[in-house]
Novice: 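Provided herewith is a single structure, encoded as structure tokens, for subsequent inquiry.
Counting starts at 1 for both ligands and their atoms, following the listed order.
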Amino acid sequence: MSETSGASITTALSAYELLADPQLNKGTAFSEAERDAFDLHGLLPPSVLTLDEQVSRRLQALRGYETDLERYAFLRELQDTNETLFYALLVGNLEELLPIVYTPTVGAGCQHFSRLFRKPRGLFLSIPHQARIDRILAHPRFDAVEAIVVTDGERILGLGDQGAGGMGIPIGKLSLYTGCGGLHPATTLPILLDVGTDNPDCLADPLYIGWRNERVRGQEYDDFIEAFVSAVVKRWPRVLLQWEDFAKNNATRMLDRYRDRLCTFNDDVQGTAAVATGTLLSAINVTGVPLTEQRVAVLGAGSAGCGIAGLIRAAMRDAGLSESEAATRFFMVDRDGLLVEGMSGLAPFQMPFLQNKAAIANWKLDHPDRVALLDVVRNAKPTVLIGVSGQAGAFSEPVVRAMAEANQRPVIFPLSNPTSRAEATPVDIEAWTEGRALIGVGSPFPPITRDGVRFKVDQTNNSYIFPGVGLGALAVGAARVTDGMFMAAAKALASSSPARNNPKHNLLPPVSALRDVALTVALAVALQAHKEGQVKDIPLDQIEARIRAKMWTPRYAPYQRAKG
Ligand SMILES: NC(=O)C1=CN([C@@H]2O[C@H](COP(=O)(O)OP(=O)(O)OC[C@H]3O[C@@H](n4cnc5c(N)ncnc54)[C@H](O)[C@@H]3O)[C@@H](O)[C@H]2O)C=CC1
Ligand SMILES: CC(=O)C(=O)O
Ligand SMILES: [Mg+2]
């Protein structure tokens with residue numbers, strides 16, 4: 001019904017239809033000529049505003065709210081009313097708005113999803129409607145879709161099972177795909193796979209909007225996922241599918257099942273691995289301790305933890321360590337302590353990261369039957385400590401002090417989200433290490449004071465990676481997303497580290513530069529895809545232009561009324 005020609009859009013939509021379509025609505029920015037052409041006079045107040053004026057007005061309104069959850073609801077409403085304005089606001093104010101659209105507030109948004117729900121966005125595909133998936137996806141509204149973020153809501157940040165409320169996460173991630181990666185909003189689709197929930201609060205809540213049923217598991221779950229992926233590939237053969245916030249028994253399993261069938265990746269496993277590796281490579285520039293001499297302790301041997309260990313290990317191999325030597329450098333600590341050969345209850349994806357029993361035989365332990373994180377730090381003296389356990393405060397003072405005792409510049413990354421789940425706060429780490437630690441956190445924290453000045457703490461979050469990976473892969477039509485592409489993303493991120501020029505500066509570029517970061521990452525990813533033969537018919541020297549051309553900037557196009 002609407003056609004884009006050059007910079008203008010010709011449409012036969014009525015005034016009400018234009019105002020109701022978030023992709024076309026301009027609100028008070030409809031020009032006089034458009035108001036004449038579409039009979040918009042009277043439906044809008046007479047003053048015509050520019051996009052910049054609309055942004056200022058909305059920013060003022062946003063700042064007037066008392067809580068971040070209110071701001072989240074306001075921004076979600078704006079996104080569902082006028083996407084161009086929403087993205088103009090977001091792109092111009094990334095530092096201020098990311099903590100609302102994304103972590104930490106998006107976590108509360110998921111917890112309150114049933115109460116905040118106003119207008120539908122994206123797709124809810126539920127077990128009772130499995131047979132209709134093809135029909136649902138077939139709607140012409142989704143013809144332009146190129147990028148999907150999907151969750152089943154079982155492991156939302158560190159907040160656990162949020163059922164259908166988990167939809168806030170794909171919506172938030174795709175807001176960053178557009179805000180940072182420049183994908184046109186019409187090409188993005190958030191999907192919630194509603195397979196039930198085991199969250200008793202959701203099940204007992206009379207206002208819960210999801211399918212009120214305990215989680216479907218086992219073969220029935222796998223069949224549902226298979227039906228979903230098959231339908232997606234049939235509808236959009238070249239789509240990019242990002243898996244997000246699946247629980248650990250499904251995340252890597254589904255990635256392994258589908259990674260060779262379509263262009264797909266798991267953000268928690270692979271995106272997190274790339275941001276952690278990239279930040280570590282930046283830290284190595286500062287500490288001078290080469291990668292081949294690093295020892296890495298990870299608290300939380302789940303999807304993110306094992307993804308991180310796998311990519312850092314690959315980087316160590318690239319740097320010259322043998323496979324077997326690199327394997328000895330990882331100390332994965334989960335609920336039952338250090339993962340050691342012969343332990344019971346290990347998941348398949350944890351198996352490559354077990355410590356040898358003989359290697360720890362002489363360790364001094366607090367409790368002989370369990371190797372706790374503090375034992376690991378005291379005995380193995382890791383150079384790097386990473387937290388992806390979702391356990392607030394798990395990097396206790398003795399643990400952090402032991403890191404500081406063993407290292408001149410300990411690298412400490414409490415990466416769990418949202419803010420309330422961080423393994424330690426930057427202020428505490430700073431105090432317990434006398435300001436010597438290189439810190440990265442998953443969610444935003446207030447600045448710390450270092451050498452008498454305010455120092456912004458690096459946000460080591462996969463938002464530095466996935467928008468660029470998606471942009472790069474889509475711009476060149478990569479057939480698959482490979483581990484090599486995530487390594488390229490990690491190295492590209494490290495190459496843009498401010499600390500390369502001055503070791504007192506940050507390890508990562510600021511959040512306000514995430515659009516530039518996405519471009520840098522996209523270029524590295526696309527070049528790697530080309531190198532690996534994942535790209536057809538695009539000469540190397542045209543890749544950057546393709547990426548830049550794919551980056552949409554939120555601006556209003558002029559509209560003309562279709563004749564007849
Ligand atoms: N900064 C970032 O970019 C990212 C951060 N994360 C955060 O990392 C956390 C974990 O995410 P996933 O790995 O996907 O979840 P997961 O559920 O796959 O893994 C968490 C692991 O922590 C373990 N764990 C729980 N309590 C523990 C304890 N007291 N001590 C040691 N281990 C414990 C669990 O058994 C599990 O193996 C979440 O909070 C998530 O928000 C995840 C992805 C990206
Ligand atoms: C950042 C992210 O993907 C997570 O916390 O799950
Ligand atoms: Mg995630």
Novice: What protein heavy atom lies closest to atom 34 (C) of ligand 1? Include the residue and the distance to one decimal.
Specialist: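 For atom 34 (C) of ligand 1, the nearest protein heavy atom is D334 OD2, 3.4 Å.
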Novice: Consider side-chain hydrogen bond (donor to acceptor under 3.5 Å, both in side chains). Of T264, D268, T252, which one does W243 pass it with?
Specialist: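 Looking at T264, D268, T252, the match for W243 under the side-chain hydrogen bond (donor to acceptor under 3.5 Å, both in side chains) is T264.
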Novice: Under 4.0 Å from any heavy atom of G442, which atoms of ligand 1 are there?
Specialist: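 So the answer, numbered in order with elements, is 1 (N).
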Novice: Judged on heavy-atom distance to atom 1 (C) of ligand 2, which of V388, I465, N266, N417 sits nearest?
Specialist: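 Looking at heavy atoms only, the winner is N417.
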Novice: Does ligand 2 have an atom that lies less than 4.0 angstrom from a heavy atom of N462?
Specialist: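 N462 counts as a contact of ligand 2 under the 4.0 Å cut-off.
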Novice: Please note down the angle at the Mg ion (ligand 3) between OD1 of D245 and OD1 of D268, to the nearest 10°.
Specialist: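 Value returned, to the nearest 10°, is 100°.
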Novice: Using a 4.0 Å heavy-atom cut-off, say whether P418 meets ligand 1 through its side chain, its backbone, both or neither.
Specialist: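 None of P418 does.
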Novice: Please report whether the ring centroid of F265 lies less than 6.0 Å from that of F486.
Specialist: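 For F486 and F265, the ring centres are under 6.0 Å apart.
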Novice: Taking only heavy atoms of D268 into account, list the atoms of ligand 1 that are under 4.0 Å away from them.
Specialist: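 Numbered from 1, ligand 1 contributes 43 (C).
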Novice: May I ask you to list the atoms of ligand 1 that are less than 4.0 angstrom from any heavy atom of T460?
Specialist: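 In order of number, 1 (N), 2 (C), 3 (O).
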Novice: Measure from atom 8 (O) of ligand 1 to every heavy atom in N250, V388, L373 and give the option owning the shortest one.
Specialist: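 When every heavy atom of N250, V388, L373 is considered, V388 comes closest to atom 8 (O) of ligand 1.
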Novice: What I want to know is whether T272 and ligand 1 share at least one N or O pair that is separated by under 3.5 angstrom.
Specialist: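 No, there is no polar N/O contact under 3.5 Å.
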Novice: Side chain or backbone, does R421 bring an N or O within less than 3.5 Å of an N or O on ligand 1?
Specialist: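 Checking ligand 1 against R421, no N or O pair falls under 3.5 Å apart.
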Novice: Applying a 4.0 Å heavy-atom criterion (strictly less than), which segment of K248 is in contact with ligand 1: side chain, backbone, both, or neither?
Specialist: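 Both parts.
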